[in-house]
Structures are given as C-alpha cells and as structure tokens.
Amino acid sequence: MKCLYLIILVCVTLTSAKKYNDEEKPAWAKKDIRDFSDADMERLFDQWEEDEDPLPEDELPEHLRKPPSLDLTKLDMSNPESVLQATKKGQTIMMFVTVANKPSRHRTEELTKIWQSGLWSAHIQAERYLIDDDRAIFMFKDGSQAWTAKEYLTDQDELKDVQLESQTYPGKKPDVKNKSVRDEL
C-alpha cells in the first residue's frame with residue numbers, strides 16, 4: 001500500500017512540475033545559484049509566488065490594507081478630535097501615559113494594569129508596555145478607540161497626563177500628601 005502511494009506521488013510530481021530544456025530557460029536561470037544577483041533572486045521569488053492565492057484583506061499587513069471609507073458629510077468638522085478619531089479607525093495608534101507623583105516601577109505596573117483591565121472591561125483592546133518608572137505606552141489596534149480610552153484615563157486619580165497624536169491631555173490633580181500611602185498599596 002505504501003508503495004502505491006509513493007508511485008502515485010512520484011507520478012504526480014513529475015507530471016505537474018515544469019521542466020525546461022536548457023535552451024528554453026532564461027539566461028538568469030542557467031547560472032549557478034551561488035552566482036545569482038539580488039535581481040535574479042527577486043525573479044526566482046516572484047516565480048515561486050506566481051501561483052499563490054492572494055491574502056484576504058484582513059490578513060494583509062496594515063500598510064497594504066485599504067483604508068475604511070470615510071463619509072465626510074457625517075462628520076462634525078467643528079470638532080477636530082472626532083474627525084481625527086474617524087480617520088484613525090482600523091489603524092494602530094500608541095498613547096503615552098504618565099503616572100503622577102513619581103511612583104515606583106512596581107506601582108506604575110499595578111496602576112497601568114488596573115487601567116488596562118478597565119479598558120478591556122469597556123471592550124477597548126489596548127496592549128500596555130512600561131517604558132519608564134512612571135511612564136507606559138498603550139497601543140490600540142483600532143485607533144478610533146484611543147479617544148474613548150483617553151477620556152477614561154484622564155478621569156483616573158493618579159494620572160499625570162496622556163499624550164495622543166502630539167496632543168497632551170492633563171489628568172486630574174492627584175492628592176500629593178497621600179503619596180506614601182498609595183505607594184505602600
């Protein structure tokens with residue numbers, strides 16, 4: 001039985017593979033593979049990918065996807081934030097968050113984790129990366145969610161500021177005298 005499968009596999013391979021005579025091959029294909037230039041390698045890669053099916057829209061890298069259609073008649077042009085929010089739909093955006101009162105790295109980790117959980121509870125998906133003892137990056141795969149997240153974060157007691165699209169939004173003024181109590185938590 002195994003022999004039969006092997007014979008069928010060999011027959012299919014031989015009949016489906018394109019065989020060229022040396023005269024039919026292009027000049028670049030007659031060279032030794034070690035002598036291939038970058039252009040030759042690119043042509044070989046293109047030939048390899050010739051029969052591949054194109055990727056579906058949702059699997060393409062972000063820079064190759066078509067931007068979502070935007071109806072400018074439905075936008076409130078007097079509110080620049082709503083226009084920015086609409087234009088960033090489907091794009092990755094980073095938001096820089098600074099925690100107030102110069103907390104320890106551990107405290108910043110705890111606070112940003114709590115804030116991230118709050119965002120996830122509101123169905124806003126954000127990845128969080130600590131970049132300093134009092135600073136973190138929140139990354140949103142859907143940039144339109146960043147403005148809702150900004151509203152949520154600026155309402156938090158221990159937030160110093162949020163930077164989003166080159167704009168800085170201050171947080172509430174935290175109570176400095178309870179700083180030692182908060183760091184112990």
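Below, all heavy atoms of this structure are taken into account, side chains as well, without hydrogens, waters or symmetry copies.
- By the rule that hydrophobic residues join a cluster once side-chain heavy atoms approach within less than 4.5 Å of another member, Ile131 and Val97 end up as members of separate clusters.
- The nearest pair of heavy atoms linking Ile124 to Ala149 is CD1-N, 4.1 Å.
- Taking both residues in full, the closest heavy atoms of Pro103 and Ala100 are given as CD-O, 3.3 Å, listed atom of the first, atom of the second, then distance.
- Salt bridge absent: Asp155 and Lys172 never bring a charged side-chain N and a carboxylate O closer than 4.0 Å.
- In this structure the side chain of Tyr169 never reaches within 4.5 angstrom of the side chain of Met95, judged on heavy atoms.
- In terms of hydrophobic clustering, with Ile, Leu, Val, Met, Phe, Trp and Tyr side chains grouped at heavy-atom distances under 4.5 Å, Tyr152 and Trp120 are assigned to different clusters.
- Here CG of Leu153 is found 5.5 Å from CG of Leu119. Values are rounded to the nearest 0.5 Å.
- Applying salt bridge (Lys or Arg N to Asp or Glu O under 4.0 Å) to Asp133 and the options Arg107, Arg105, Lys102 leaves one that passes, Arg105.
- Counting non-hydrogen atoms of neighbouring residues, nucleotides and ligands closer than 6.0 angstrom, the CE atom of Met139 exceeds 12 such neighbours.
- Listed here is the closest heavy atom pair of Trp115 and Glu158: CH2-O, 4.0 Å.
- The shortest heavy-atom contact between Thr112 and Phe138 is O-CZ, 3.8 Å.
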Open item on the list: For a side-chain contact (heavy atoms from CB on, under 4.5 Å) check, start with the C-alpha distance between Leu164 and Gln167, then their side-chain angles and the critical distance, and finish with the verdict.
Closed with: CA-CA 5 Å; Leu164 177 64; Gln167 294 288 325; 5.7 Å; no
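- Residues Ala136 and Leu130 approach most closely at CB-CD1, 4.0 Å, considering heavy atoms.
- No salt bridge links Arg43 with Asp46; every basic N to acidic carboxylate O contact stays at or beyond 4.0 Å.
- Ala126 and Gln116 make their closest contact through O-NE2, 2.7 Å (heavy atoms, listed as atom of the first residue, atom of the second, distance).
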Open item on the list: Evaluate Trp147 against Ile93 for side-chain contact (heavy atoms from CB on, under 4.5 Å), listing each step before the verdict.
Closed with: CA-CA 10 Å; Trp147 278 266; Ile93 285 189; 3.8 Å; yes
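- A distance of 7.5 Å separates CD in Glu127 from NZ in Lys141, rounded to the nearest 0.5 Å.
- Between the side chains of Asp161 and Thr98, at least one donor N or O sits under 3.5 Å from an acceptor N or O.
- Here the CG-NZ distance, from Leu111 to Lys113, works out to 11.0 Å after rounding to the nearest 0.5 Å.
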